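This report concerns only the one structure given below.
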Amino acid sequence: MSDTETQSPEPVDLVPEGDSRHVLGNPDAPVTIVEFGDYECPYCGAAAPVLHRLVDESDGHVQLVFRHLPLFQRHPYALTAALAAEAAGEHGLFWPLHRQMFAHQDRLTDEDLVAYGTELGIDGTSLVGDEPQRFGEVVEDDYAAAVALGVRGTPGVFVDGRPYQGRLELRDLRAAVGLSARGGSPRSGR
């Protein structure tokens, strides 16, 4: 179970028009899931493959947008991992690095991030040190948005701008986004 608590009964626009967020899945999908996450959070690590599978099996019905909420007080590498993800995104490799970091949450040092970047075919040193600091404002904006929305832990998940309070399990998420138990297509009558 997640340590997420959110407060916001009305849907909010979490991906403003023209925002160049990293989208997994069909960018024109009718359902948008936004996750505020931390690369060292074990709950986010457990949720990542479930959310990715939901998108993959939705036949273009669901998209996932990841926003950063590095809980740096608890997780010493969360902020540098968030900056590295944004730097990788500049090379079109946000999601591959995202998956790599969640698969190896216990290995997020600068040395590890350089190795991951190299494995992905880019200069791994571009993911650490001063270079990714230029993405600091993006990470800060995500963090501030999460705080303003009342997100108190990670992962903070929203479905179409409304806080998701259910379990981060495939069956429950499919129901929340209006997919049949097997995924793939929206239930009729929705």
Side-chain angles (χ1 to χ4, degrees), residues 1-2 4 6 8-39 41 43-69 81-82 84-105 116-117 119-122 135 138-139 141-142 145-146 149 151 154-190:
M1 180 175 239
S2 154
T4 301
T6 57
S8 177
E10 295 299 316
V12 292
D13 185 9
L14 298 173
V15 187
E17 191 69 33
D19 193 334
S20 61
R21 288 276 137 206
H22 306 288
V23 174
L24 181 66
N26 174 9
D28 297 319
V31 176
T32 300
I33 295 178
V34 174
E35 175 191 2
F36 287 93
D38 173 320
Y39 287 108
C41 167
Y43 300 114
C44 293
V50 175
L51 290 168
H52 294 191
R53 183 172 170 197
L54 176 72
V55 170
D56 291 345
E57 295 178 358
S58 76
D59 289 337
H61 183 73
V62 178
Q63 65 173 307
L64 172 65
V65 176
F66 186 86
R67 296 187 69 180
H68 305 285
L69 181 55
E86 287 299 318
E90 192 171 61
H91 300 279
L93 296 170
F94 177 88
W95 291 105
L97 184 60
H98 173 92
R99 288 174 195 226
Q100 182 80 331
M101 290 190 297
F102 274 131
H104 303 286
Q105 288 184 294
Y116 300 151
E119 287 174 27
L120 293 172
I122 59 174
F135 298 104
V138 171
V139 175
D141 288 349
D142 284 356
L149 289 165
V151 177
T154 54
V157 176
F158 292 77
V159 176
D160 283 340
R162 287 190 168 87
Y164 174 74
Q165 301 292 340
R167 296 170 61 130
L168 289 171
E169 294 179 0
L170 199 54
R171 180 176 162 204
D172 295 342
L173 286 163
R174 282 182 178 142
V177 300
L179 294 177
S180 66
R182 289 189 183 143
S185 61
R187 289 180 297 210
S188 60
R190 180 164 182 242

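Keep in mind the model is a prediction, meaning the values are calculated, not measured.
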Under the side chain to side chain contact (heavy atoms under 4.5 Å, CB included) test, residues paired with P96 that sit two or more places apart: L93, L120

P49 versus A46, closest heavy-atom pair with distance: CD-O, 3.5 Å

Partner set under side-chain hydrogen bond (donor to acceptor under 3.5 Å, both in side chains) for Q100, not counting sequence neighbours: E119

Q105 side chain vs C41 backbone, donor-acceptor pair below 3.5 Å: yes

Non-neighbouring partners of F102 that pass ring-ring contact (aromatic ring centres under 6.0 Å, His included), sequence neighbours left out: Y39, H98

Separation of L179 CG from L173 CG (nearest 0.5 Å): 10.0 Å

L64 side, atom CG; S58 side, atom OG - distance, nearest 0.5 Å: 10.5 Å

Side chain to side chain contact (heavy atoms under 4.5 Å, CB included) between H68 and F36, intermediate numbers included: CA-CA 5 Å; H68 305 285; F36 287 93; over 6 Å; no

Student check: side-chain heavy atoms of F66 and L24 closer than 4.5 Å: no

Spatial distance of atom NE2 (H61) from atom CZ (R174) [nearest 0.5 Å]: 12.0 Å

Separation between CZ of R67 and NE2 of H22, rounded to the nearest 0.5 Å: 11.5 Å

Minimum heavy-atom distance between G37 and C44, given as atom pair plus value: CA-SG, 3.7 Å

Contacts of R99 that satisfy salt bridge (charged side-chain N to carboxylate O under 4.0 Å, His left out) - sequence neighbours left out: none

Flag side-chain contact, heavy atom, 4.5 Å: V55 against Q63: no

Residues forming a side chain to side chain contact (heavy atoms under 4.5 Å, CB included) with V159, sequence neighbours excluded: V31, I33, Y164, V177

Derivation and outcome, side chain to side chain contact (heavy atoms under 4.5 Å, CB included), residues D142 and L69: CA-CA 7 Å; D142 284 356; L69 181 55; over 6 Å; no

side-chain hydrogen bond (donor to acceptor under 3.5 Å, both in side chains) involving H104 - partner list, sequence neighbours excluded: R107

Test side chain to side chain contact (heavy atoms under 4.5 Å, CB included) applied to N26 - qualifying residues, sequence neighbours left out: D28, A29

Closest non-hydrogen atom pair, L170 against V50: N-CG1, 3.5 Å

Separation between CD1 of I122 and CG of L97, rounded to the nearest 0.5 Å: 7.5 Å

